[in-house]
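For reference, the structure is listed below as C-alpha cells.
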Protein chains: 2
Amino acid sequence: MLFRIDPSLDETLFAQLVTQVRLAVAQGVLQPGERLPAARELAASLDLNVHTVLRAYQLLRDDGLIELRRGRGAIVTARPAADHAKLLAAIDEVVREARALRFSPEATATLLKEAFSS
Amino acid sequence: MLFRIDPSLDETLFAQLVTQVRLAVAQGVLQPGERLPAARELAASLDLNVHTVLRAYQLLRDDGLIELRRGRGAIVTARPAADHAKLLAAIDEVVREARALRFSPEATATLLKEAFSS
DNA sequence: CATTTGTTCTATCAACACTAGAACAAGTAG
DNA sequence: CTACTTGTTCTAGTGTTGATAGAACAAATG
C-alpha cells in the first residue's frame with residue numbers, strides 16, 4: 001500500500017492519510033482483513049511522527065473502517081463502497097459548473113464545506 | 001444586506017463572510033455598483049474585529065468581485081452568475097454522496113480540489 | 001476643512017497541528 | 001516463559017494561524 005502525504009497542502013497531515021485510506025477502502029484496493037503498516041513503520045516511511053499516523057488510525061477506527069489491536073496492528077474491516085464512483089462523478093459535475101462560473105477551486109471548496117454544515 | 005457569521009463552524013470567520021458575499025453576488029442579490037457596509041460598521045454589527053472583515057474584503061477584491069476605495073468603501077464590480085443554481089445543485093449532490101460514504105467535509109474538499117487540477 | 005474609509009503596522013492571545021520522548025499494556029512469536 | 005511487536009496514554013515543546021486590539025496613516029468624500 002502506497003500513500004502520499006504532501007505537507008504543502010492546506011489539508012492536515014492526519015486528514016490526508018485518513019482520506020487516502022478511506023478512498024483505498026472504498027475502491028477495494030484495501031480489502032477487509034488486510035493489514036495496514038504498523039504506525040511506527042508507516043510514520044518512518046512517510047516521514048511523519050508516530051502520533052500523527054496513530055491519530056489517523058484512531059479516526060479511521062472511530063469511523064469503523066479499521067480495527068486496532070495491540071501487537072497485531074490495523075486491520076481493515078469495512079467493505080468496498082459500491083457507489084464511490086457516484087461521488088467522483090458528482091465532483092466532476094461540480095468542477096464543470098464551477099469552471100463555467102469562474103469560481104476558484106478554493107471558493108468552490110468553501111461552498112462545499114458550507115453545504116456540509118447545513 | 002444581511003450576513004450571518006457562526007463562530008461555532010469550523011470554517012474561519014473571514015471565509016464565511018467571503019462565501020456569503022460571493023453567493024450574494026452570484027445570485028444578483030448584490031448588484032454591480034452596489035456598496036457593501038463599511039468594514040468598521042459591518043464588524044460592529046457582526047460582532048467581529050475590523051481586521052477580520054477587512055481580510056474578507058481584501059480577498060474579495062483579489063478575486064475581482066469588489067473594488068475597495070478609501071472614503072468610499074467596497075463596491076460590487078462582478079456581475080451575477082447566470083446559472084449558479086446548477087452549481088449549488090451539483091454541490092448538494094456531492095454532499096449527499098460524500099455523507100453516504102462517511103467522507104468528511106475536508107476529505108471531500110480535498111478530492112474536489114484534486115479534481116480541479118486534472 | 002472635518003469626516004469617512006481603507007491601509008499598514010505592531011502586538012497579544014488562543015487554538016491546533018505536529019513533533020518528541022517516555023512508560024505502559026496487550027497481544028504475537030520463538 | 002521470554003522477547004518482540006504494536007497500540008495506548010501521558011507530558012511537553014514548537015510553529016502556524018485565526019482573531020482580537022490599538023494606533024497612525026493615506027486618500028477620497030462632503
Side-chain angles (χ1 to χ4, degrees), chain A residues 1 3 5-21 33-77 106 109-110 113-114, chain B residues 1 3-21 33-77 104-107 109-110:
Chain A
M1 200 49 223
F3 298 116
I5 298 299
D6 184 350
S8 75
L9 295 182
D10 58 347
E11 194 184 10
T12 58
L13 304 182
F14 71 87
Q16 287 182 47
L17 186 51
V18 166
T19 301
Q20 292 188 27
V21 173
E34 203 164 335
R35 187 176 168 278
L36 291 175
R40 287 171 176 84
E41 180 188 337
L42 186 54
S45 80
L46 293 179
D47 195 24
L48 295 179
N49 191 278
V50 190
H51 299 295
T52 305
V53 173
L54 278 172
R55 183 168 179 185
Y57 278 10
Q58 282 154 6
L59 283 175
L60 289 165
R61 177 196 53 194
D62 293 346
D63 266 16
L65 274 81
I66 65 176
E67 203 175 84
L68 293 179
R69 307 266 290 271
R70 305 192 219 210
R72 183 177 301 180
I75 290 95
V76 176
T77 56
E106 289 71 25
T110 302
K113 286 187 192 173
E114 250 204 8
Chain B
M1 200 52 223
F3 298 117
R4 294 175 305 101
I5 299 298
D6 184 350
S8 76
L9 296 181
D10 59 345
E11 193 184 10
T12 59
L13 305 183
F14 71 87
Q16 288 183 44
L17 186 52
V18 165
T19 302
Q20 292 190 26
V21 173
E34 203 165 334
R35 186 177 170 281
L36 291 176
R40 287 172 177 81
E41 181 189 335
L42 187 55
S45 81
L46 292 179
D47 195 24
L48 296 179
N49 191 278
V50 190
H51 297 95
T52 305
V53 173
L54 280 171
R55 183 168 180 185
Y57 277 10
Q58 283 154 7
L59 283 176
L60 289 164
R61 177 197 54 194
D62 294 346
D63 265 17
L65 274 83
I66 65 176
E67 203 177 84
L68 291 179
R69 308 264 291 270
R70 304 191 220 213
R72 185 179 297 182
I75 290 95
V76 177
T77 57
S104 72
E106 291 70 25
T110 300

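Only this structure's heavy atoms are used, side chains among them; waters, hydrogens and symmetry mates stay out. Naming convention: chains lettered A, B, ... in sequence-line order (proteins, then strands); numbering from 1 in each chain.
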D47(A) atom CG, neighbour heavy-atom count above 12 within 6.0 Å: no
Please classify the nucleic acid contact of L54(A) as base, sugar-phosphate, or nothing, using heavy-atom distances under 4.0 Å. base
Please check if the number of heavy atoms outside D62(A) that lie under 6.0 Å from its CG is greater than 12. yes
N49(A) and T52(A): CA distance, side-chain angles, deciding distance, side-chain contact (heavy atoms from CB on, under 4.5 Å) verdict: CA-CA 5 Å; N49(A) 191 278; T52(A) 305; 3.8 Å; yes
Grab the CZ-P distance between R69(A) and dA25(C) for me, whole Å please. 19 Å
Tell me the interatomic distance from E41(B), atom CD, to dG6(C), atom C1', rounded to whole angstroms. 14 Å
CD1 of I66(A) versus P of dT6(D): gap in Å, rounded? 14 Å
Closest of dG7(D), dG6(C), dT20(D) to the L68(A) side chain is dG7(D)
Examine dA29(C): is either OP1 or OP2 under 4.0 Å from a nitrogen or oxygen in the side chain of R72(A)? Give yes or no. no
Polar pairs (N or O, both sides) under 3.5 Å between protein and nucleotides 12-16 of chain C?
none

In terms of side-chain heavy atoms, does T110(A) have a donor or acceptor partner in Q16(B) at a distance below 3.5 Å? no
Mind calculating the distance between CG (L46(B)) and C1' (dA19(D)) to the nearest angstrom? 14 Å
Please walk me through it: do L48(A) and I5(A) pass side-chain contact (heavy atoms from CB on, under 4.5 Å)? CA-CA 9 Å; L48(A) 295 179; I5(A) 298 299; 4.2 Å; yes
Any R70(A) side-chain N or O less than 4.0 Å from OP1/OP2 of dA25(C): no
Could you please name the option among dG7(D), dT5(C), dT19(C) that lies closest to any side-chain atom of L13(A)? dT19(C)
What is the distance, rounded to the nearest whole Å, between atom CG of L17(B) and atom C1' of dG18(D)? 14 Å
Phosphate contact (dT5(C) OP1 or OP2) by R35(B) side-chain N/O below 4.0 Å: yes
Distance check: side-chain N/O of T52(A) vs OP1/OP2 of dT19(C), anything under 4.0 Å? yes
What is the separation between atom CG on L9(B) and atom C1' on dG18(D), rounded to the nearest whole Å? 15 Å
Using whole Å, what does the distance between atom C1' of nucleotide dT17(D) and atom CZ of F14(B) come to? 9 Å
Does Q58(A) make a side-chain N or O approach to OP1 or OP2 of dT8(D) shorter than 4.0 Å? yes
Taking CD from E11(A) and C1' from dT17(D), how many angstroms apart are they, rounded to a whole number? 17 Å
Heavy atoms, side chains only, cut-off 4.5 Å: are T19(A) and V21(A) in contact? no
I want to confirm an ordering. Mapping Y57(B) and N49(A) to their closest nucleotides on DNA chain C, which one lands closer to the 5' end? Y57(B)
Side-chain N or O of R40(A) less than 4.0 angstrom from OP1 or OP2 on dG21(C)? no
Can a donor-acceptor pair under 3.5 Å be found between the side-chain atoms of H51(A) and the base atoms of dG7(D)? no
May I ask you to decide if G64(A)'s main-chain N or O and T77(A)'s side chain share a donor-acceptor pair within less than 3.5 Å? yes
Sort out for me which residue in L13(B), L36(B), L17(B) forms a side-chain contact (heavy atoms from CB on, under 4.5 Å) with V53(B). L17(B)
